[in-house]
Amino acid sequence: MKAAQHKIYNKQNIALDLVEVDKPQISGNQVLIRVTAAGVNPLDNMISRGEVKMIVPYKLPQIAGNEVVGLVEAVGNQVSQFQVGDRVFGRLPLDNIGAFAEYVAVEATAFAKVPAYLTDVEAAAVPLTALTIMQALELMGAQAGKTIFISGGTGGVGGMAIPIAKAKGLTVITNGAGDNAERVLALGADRFIDYKAEDYTQTVNGVDYVLDTLGGDETEKQMTIMRQGGHLVSLRAMPNGAFAKCMNLPKWKQVLFGLVGRKFDQMAKKYGVYYDFIFVKSNGEQLQEVADILAQRQIKPSIDTVYPFEEVNAALDKVANGRSRGKTVLSFK
């Protein structure tokens, strides 16, 4: 089968190699999926640059890709929730990625059934971002009736986070480029801030939760709009000791991440809030809950560009360097 591998870590030039490899074999708790579409994410570029090897030390060469949609071709003898022919999607387990390939063999617990109203390309935009918000809300201990600020809500993460947060009973504030206002409000946002026309640090306060999708200087700015005891979860800032412990990393890595992330822990303490970093895990049960929410509301993810699988490197470049109004997806059809 064809697969796209990264063979070396390279911070400058991300280029996967299209290779022929053996079709994977399944174990008793796995399903064999014929891939029809795969989401392309900043995480894929981060892995190829070697930026997450302290968290997950992949053995190279490694088939890339974290997010997959496809048809079940075979089921292990311990699998009861899926049958041959089911259309499924999932965020692949951290230790078993490889969505950029014609087939994947993965634990069945990573998958959920795709809502019938979504195309394969649309479904490919769901798992990673949907599970990110589900697990971030869980980490926050988010409660209905509270308020969440989702930074950069016009992108792929925001497009999924807003309706899920609304379904969980939260009031949603977000920001982004003004020409996206109508689309974002239609997703359920209660308030949209045009970042060119309004400084949210001057007009928003008392927020209970923040989903930080931007990192950099924005992380501290977002802490200034929170109430005392609020909780910020970042996708882009810096892992800390609590994250390393949650990931069950070795003790020496927990110490190292504790030192690296101390800046953000101290920053959070200064503002009287809680800080966490998240690295989303596979979870088919949570994803099925998301699928039901999306189906009930008939929400379709925003798709920016669809590339044929053979143009995987162009897709990765788009994610790294292009301005997107939604998800970049690989199609295997």
Side-chain angles (χ1 to χ4, degrees), residues 41-42 125 128-130 132-133 136-137 140 142 144-238 263-264 267-268 270-278 297 299-305 317-328:
N41 299 280
L128 202 77
T129 48
T132 295
I133 183 63
L137 292 174
M140 294 168 183
K146 304 283 190 178
T147 300
I148 187 169
F149 179 78
I150 300 169
S151 59
T154 57
V157 174
M160 196 61 56
I162 292 164
I164 291 173
K166 286 301 295 180
K168 294 284 190 179
L170 295 165
T171 297
V172 178
I173 304 170
T174 190
N175 67 339
D179 57 355
N180 289 287
E182 186 176 344
R183 176 175 62 84
V184 172
L185 290 168
L187 289 171
D190 296 280
R191 180 178 171 188
F192 178 83
I193 296 169
D194 181 346
Y195 77 94
K196 291 182 179 177
E198 182 180 343
D199 180 355
Y200 69 87
T201 66
Q202 302 300 312
T203 59
V204 178
N205 59 68
V207 169
D208 299 290
Y209 315 113
V210 168
L211 182 67
D212 169 30
T213 73
L214 302 175
D217 294 338
E218 294 299 314
T219 303
E220 183 169 11
K221 286 183 181 179
Q222 290 164 98
M223 289 181 182
T224 69
I225 69 172
M226 301 179 71
R227 67 166 176 81
Q228 292 285 303
H231 202 140
L232 180 147
V233 173
S234 180
L235 319 182
R236 299 297 295 274
M238 191 67 70
K263 169 187 172 183
F264 291 93
M267 190 185 295
K270 180 173 81 170
Y271 293 104
V273 301
Y274 294 96
Y275 169 82
D276 276 299
F277 180 85
I278 194 169
R297 295 174 172 237
I299 291 166
K300 292 204 168 193
S302 300
I303 304 299
D304 186 292
T305 311
D317 182 69
K318 167 72 175 178
V319 169
N321 302 307
R323 292 184 64 85
S324 296
R325 290 177 175 245
K327 191 81 166 193
T328 298

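Salt-bridge check for Arg236 with Glu218: failed, with every basic side-chain N at 4.0 Å or more from each acidic carboxylate O. Arg227 has a carboxylate O that lies under 4.0 Å from a charged side-chain N of Asp208, or vice versa, which qualifies the two as a salt bridge. The pair Glu198-Arg191 counts as a salt bridge, with a side-chain nitrogen and a carboxylate oxygen less than 4.0 angstrom apart.
Looking only at distances, a side-chain donor or acceptor of Thr174 sits under 3.5 Å from a matching main-chain atom of Ile150. Of the possible donor and acceptor atoms, one in the side chain of Gln228 sits under 3.5 Å from a partner among the backbone N and O of Tyr271. Judged by distance alone, with hydrogens and angles left aside, the side-chain atoms of Asn175 form a donor-acceptor pair with the main-chain N or O of Gly152 at under 3.5 Å. With Thr328 contributing its side chain and Thr305 its backbone, the two residues share no donor-acceptor pair below 3.5 Å. A donor-acceptor contact shorter than 3.5 Å is absent between the side chain of Thr171 and the backbone of Thr147.
When every heavy atom of Ile148 is checked against every heavy atom of Ala165, the shortest pair comes out as CG2-CB, 4.2 Å. Smallest separation of non-hydrogen atoms from Asp190 and Leu170: OD2-O, 4.1 Å. For the pair Tyr275 and Ala237, the tightest heavy-atom approach, listed with the atom from each and the gap, is OH-CB, 3.4 Å. Here the closest heavy-atom approach between residue Gly158 and residue Pro163 is recorded as O-CD, 4.3 Å. Pairing each heavy atom of Ala125 with each of Ile303, the nearest pair is CB-CD1, 3.8 Å.
Between Leu235 and Thr132, some side-chain heavy-atom pair lies under the 4.5 Å cut-off. The shortest side-chain heavy-atom distance between Asp194 and Asn180 does not fall under the 4.5 Å cut-off.
Summarising the geometry, atom CG belonging to Leu128 is positioned 10.5 Å from atom CE belonging to Met160; distances are rounded to the nearest 0.5 Å. In this structure, Ile173 CD1 and Ser151 OG are separated by 12.5 Å, a value rounded to the nearest 0.5 Å. Here the CE atom belonging to Met140 is positioned 8.5 Å from the OH atom belonging to Tyr209, to the nearest 0.5 angstrom. Rounding to the nearest 0.5 Å places CD1 of Ile225 at 6.5 Å from CD of Gln222. Between Leu232 atom CG and Met267 atom CE the span is 10.0 Å, to the nearest 0.5 Å. Going from atom CZ of Arg183 over to atom CZ of Phe192 covers 8.5 Å, rounded to the nearest 0.5 Å.
For an aromatic pair to be called close, the ring centres must be under 6.0 Å apart, and Phe149 with Tyr200 satisfies this.
Few gaps surround NZ on Lys300; more than 12 heavy atoms of other groups in view lie less than 6.0 Å from it. Atom NZ of Lys318 is surrounded by more than 12 heavy atoms from other residues, nucleotides or ligands within 6.0 Å. For Asp217, the CG atom is loosely surrounded, since the number of other residues' heavy atoms within 6.0 Å does not exceed 12.
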- Message: Applying side chain to side chain contact (heavy atoms under 4.5 Å, CB included) to Thr219 and Phe264, what does each step give before you reach the verdict?
- Response: CA-CA 9 Å; Thr219 303; Phe264 291 93; 3.9 Å; yes

- Please test Lys270 against Glu220 for side chain to side chain contact (heavy atoms under 4.5 Å, CB included), starting from the C-alpha separation and ending with a verdict. CA-CA 10 Å; Lys270 180 173 81 170; Glu220 183 169 11; 3.0 Å; yes

- side chain to side chain contact (heavy atoms under 4.5 Å, CB included) evaluation trace for Ile133 with Leu211: CA-CA 8 Å; Ile133 183 63; Leu211 182 67; 3.7 Å; yes

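Below 30°, between 30° and 60°, or above 60°: for Tyr274 and His231 the angle between ring planes is between 30° and 60°, a tilted geometry.
The only option from Val184, Leu187, Ile162 that meets the side-chain contact (heavy atoms from CB on, under 4.5 Å) definition with Thr154 turns out to be Val184.
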